[in-house]
Number of protein chains: 2
Amino acid sequence: MKEGPDISHIAALIGDPARANILTALMDGRALTASELAEEAGVALSTASGHLSKLSDADLLHPRKQGRHKYFQLADAQVAGVLEALMGLAARRGATRVRTGPKDAQMQVARVCYNHLAGQKGVQMYRSMLGRGLLLETGEDVDLTEQGRVFVSDFGIDIKELQGGRARLCRTCLDWSERRNHLAGSLGRALLSRMEHLAWVRRDPSSRAVLITSVGQTAFESAFPVD
Amino acid sequence: MKEGPDISHIAALIGDPARANILTALMDGRALTASELAEEAGVALSTASGHLSKLSDADLLHPRKQGRHKYFQLADAQVAGVLEALMGLAARRGATRVRTGPKDAQMQVARVCYNHLAGQKGVQMYRSMLGRGLLLETGEDVDLTEQGRVFVSDFGIDIKELQGGRARLCRTCLDWSERRNHLAGSLGRALLSRMEHLAWVRRDPSSRAVLITSVGQTAFESAFPVD
DNA sequence: TTCATAGTTCGACCATAGCCGAAGCATTCG
DNA sequence: CGAATGCTTCGGCTATGGTCGAACTATGAA
């Protein structure tokens, strides 16, 4: 006896029905707010808040505050893997998910966030760059790899000039419709600007929507493919 | 809400410290008795018995009665996989294990159980045959594959003759020192008898120990290799 | 500034379930 | 046939922890 007690500790965290609902709701990698998770779990907000603290303390969740919201995400792929394995054992399906997002279809596809690209296309670009080794994700923040610098230069962007300013080159921003990261920072701004210049995209003057041209459609997909 | 509650149910089972101790003690695939598991978990036998029922009801454990003992084993590799994944997350080590087995070293290596081979060598033979597709394991019981029939015939055993008798051709028997299965049944008996005839082994007349000859040592390893 | 929304903390309540010892079966051994 | 061992069931105790509403803090909007 006196063994490592931690497997039981973690399993006990997952073992509460409310917490299990929270975790399964986050299984697809999105980030949800405390209120949404409370509803998902079927408990009061105060109760959910307690659960979310425990899950975060145990490093199963990764919380971030954005404005007056607090978004929660699974801490990493390993956590998702454990949940996956448990689901395999449980062999049950039918978790209902919250479908959340903006009403306007076009805004959901692509829009401007401050001055960089957001929406499905923004997330796609981020994930593509990450998956192909152009970006390095380190906890909260993100950076360009050497390979990424080459790619960006080839794209027609002068990195040295960007780094001159006070703004951070790369930053992550949580996409509020996709609930995933996309790229912000001066590089994010430069990429959108460059795509406008190449006539890949056109900004709708009356909204934040970004329209993708037919030439841009093809070019974007080949520049930022996702598996 | 109203989601599949089962991931929480299973996780809650693993989440109790006593049950987690029981499960980790079984992680290496051995089978242990209720009493041993009670000690391992650090609880009274009555308490452990309740835990073991719950784990068995949820199909995490596979119980078998043998004589007046009741042996418990992890239900399958998937269960072990989930525990493994949880341990990876918990990143803790140091579970102490019960070291159990007969005192006599030679008996532990190889001995006769009824009329078939038991001990390390018996388990090795069983696992080798299973791993190489000669044996088919189906729940409680076991059977020869077509490939296995060829192998056994080549070994000099007349299968048709064995099948004539009332006894079952293949049966599993739980090895009390290794706590794993080995092969019993008329085939198990025939294999031991054949190995005696080939002078691979010699039975100690004063005990149940089986002595392996030097020629047998080599031959056995090449006939029943394990990775 | 004032109001509304999002989240946290606190206090009180209460049910679940883990725990043990004692008694009851079942199986083997002498 | 007892006697001993291994396990299960039962009853009663206790504590852990999940739950909510209400009060409080922080951020953003009007």
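- A donor-acceptor contact under 3.5 angstrom links the side chains of B/Thr33 and B/Glu36, judged on distance only.
- At whole-Å resolution of the value, CD in B/Glu39 and P in D/dT5 are 16 Å apart.
- In terms of the side-chain contact (heavy atoms from CB on, under 4.5 Å) criterion, residue partners of A/Ala48 (sequence neighbours excluded) are, by chain and number, A/Ala38, A/Val43.
- Legend: residues meeting side chain to side chain donor-acceptor pair (under 3.5 Å) with A/Gln73, ordered by chain and number and at least two apart, are A/Arg64.
- Checked against side chain to side chain donor-acceptor pair (under 3.5 Å), B/Arg194 has the following partners two or more places apart in sequence or in another chain: B/His197.
- Atom CG in A/Leu52 sits about 7 Å away from atom P in C/dT8, given to the nearest Å.
- Legend: residues meeting side chain to side chain donor-acceptor pair (under 3.5 Å) with A/Ser49, ordered by chain and number and at least two apart, are absent.
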*Using a cut-off of 4.0 Å between protein heavy atoms and nucleotide atoms, how would you tag nucleotides 16-30 of chain D 5' to 3' with B, S and -?*
--SSBBB----BSS-
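- For B/Lys70, no side-chain nitrogen or oxygen approaches OP1 or OP2 of C/dT27 to under 4.0 Å.
- Rounded to an integer number of Å, the gap from B/Asp57 CG to C/dA17 C1' is 16 Å.
- As judged by a 4.0 angstrom heavy-atom cut-off over every strand, B/Thr33 is placed among residues touching the sugar-phosphate backbone only.
- Counting to the nearest Å, the C1' atom of C/dG18 and the CG atom of B/Leu13 are 13 Å from each other.
- By the side-chain contact (heavy atoms from CB on, under 4.5 Å) test, A/Ser53 pairs with no residue at all, sequence neighbours left out.
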